[in-house]
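All values derive from a computational prediction rather than experimental measurement.
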Amino acid sequence: MLRKFAKFVLWMAGWKAVGEPVLQPKGVLVIAYHTSNWDALPCFGFNVTLNANVTWVGKKSIFWWPLGAFLRSIGGIPVTRNANEDFVSQMVNQFRSRDHFVLAMAPEGTRKRTHNWKTGFYHIARTAGVPVQIAALDYKNKAFVFSPLIHLTGDEKQDINHIREFLRPIEPKNPHLADRDFEFQSS
């Protein structure tokens, strides 16, 4: 019932999926560009519509009661941003301990303009040996655009150029907040 409702709402709002969502048993789904709180609505809608069963991370502060219980029920994992915990290792362990685990992440780490993308998604995918797929929110065309699967090479410069080129034509909700020439945050 929820799936039909989500499909109907996306259709009424004019949203469509473009490209092939390759929902393998395991992978990292990179959501870009993250420039608005409104980005969550089409993401959740497509997650339900595609029956993707995607797990996603969000800052711990949004997981307050009773919203936290709902967010966990739709795949949310709270993250403490400044904790000394090894987030990459925790997520890699999730990949190793589960038969199905698709992790969605917004590597900008903020809705503000930022030149540096956090590299957690990259290190998680490389260490776990899983592919990456970009899911871009194109507000101009009301499209959730999926890239082909990306098997990271370990050459960060080559990999980031590949991701940048895929995202170049995408029009986010707030284009002035998207840095099209982003770099990976230096460690």
Separation between CG of Asp155 and CD1 of Ile160, rounded to the nearest 0.5 Å: 11.0 Å
Do you know the tightest heavy-atom contact between Val28 and Ala125? CG2-CB, 4.0 Å
Quick note, ring-ring contact (aromatic ring centres under 6.0 Å, His included) partners involving residues 151-180, not counting sequence neighbours, are none
Under 4.5 Å between side-chain heavy atoms, counting indirect links through other Ile/Leu/Val/Met/Phe/Trp/Tyr residues: same cluster for Trp11 and Phe46 or not? no
To the nearest 0.5 Å, what is the distance between CG (Leu152) and CD1 (Ile124)? 11.5 Å
A side-chain contact here means heavy atoms from C-beta on lying under 4.5 Å apart; do Ile163 and Val30 qualify? no
Gln133 side-chain N/O to Glu20 backbone N/O, donor-acceptor pair under 3.5 Å: yes
Report the relative orientation of the aromatic rings in Trp117 and Phe121; use parallel for angles under 30°, tilted for 30 to 60°, perpendicular for over 60°. perpendicular
Considering all heavy atoms of both residues, which atom of Pro25 and which atom of Val102 are nearest to each other, and what is their separation? O-CG2, 4.1 Å
Trp56 side chain vs Ile74 backbone, donor-acceptor pair below 3.5 Å: yes
Does the side chain of Arg168 come within less than 4.5 Å of Glu165's, by heavy atoms? yes
Any side-chain heavy-atom pair from Val18 and Phe144 closer than 4.5 angstrom? no
Could you grab the distance from atom CZ of Phe8 to atom OG1 of Thr49, nearest 0.5 Å is fine? 12.5 Å
Would the distance check show the side chain of Lys16 and the main-chain N or O of Asn141 forming a donor-acceptor pair, the cut-off being under 3.5 Å? yes
Suppose we screen for side-chain hydrogen bond (donor to acceptor under 3.5 Å, both in side chains). Which residues come up paired with Arg164, at least two apart in sequence or across chains? Asn161, Glu183
Between Pro42 and Leu10, what is the shortest heavy-atom contact and its length? CA-CD2, 4.3 Å
To the closest 0.5 Å, what do you measure between CZ (Arg126) and OG1 (Thr153)? 6.5 Å
Which pair of heavy atoms, one from Tyr33 and one from Pro172, lies closest together, and at what distance? CB-CB, 3.8 Å
Under the ring-ring contact (aromatic ring centres under 6.0 Å, His included) rule, collect the residues that match up with Phe101, sequence neighbours excluded. Phe95
Got a second to check how far Met105's CE is from Ile31's CD1, nearest 0.5 Å? 11.0 Å
Value rounded to 0.5 Å, distance of CH2 in Trp15 from NZ in Lys142: 8.0 Å
Tightest non-hydrogen contact, residues Pro131 and Leu149, listed as CB-CD2, 4.0 Å
Give a yes or no on whether Lys26 atom NZ has more than 12 heavy-atom contacts from other residues, nucleotides or ligands under 6.0 Å away. yes
Going by heavy atoms in the side chains, are Leu103 and Met91 under 4.5 Å from each other? yes
Which pair of heavy atoms, one from Asn174 and one from Ser36, lies closest together, and at what distance? ND2-CB, 3.7 Å
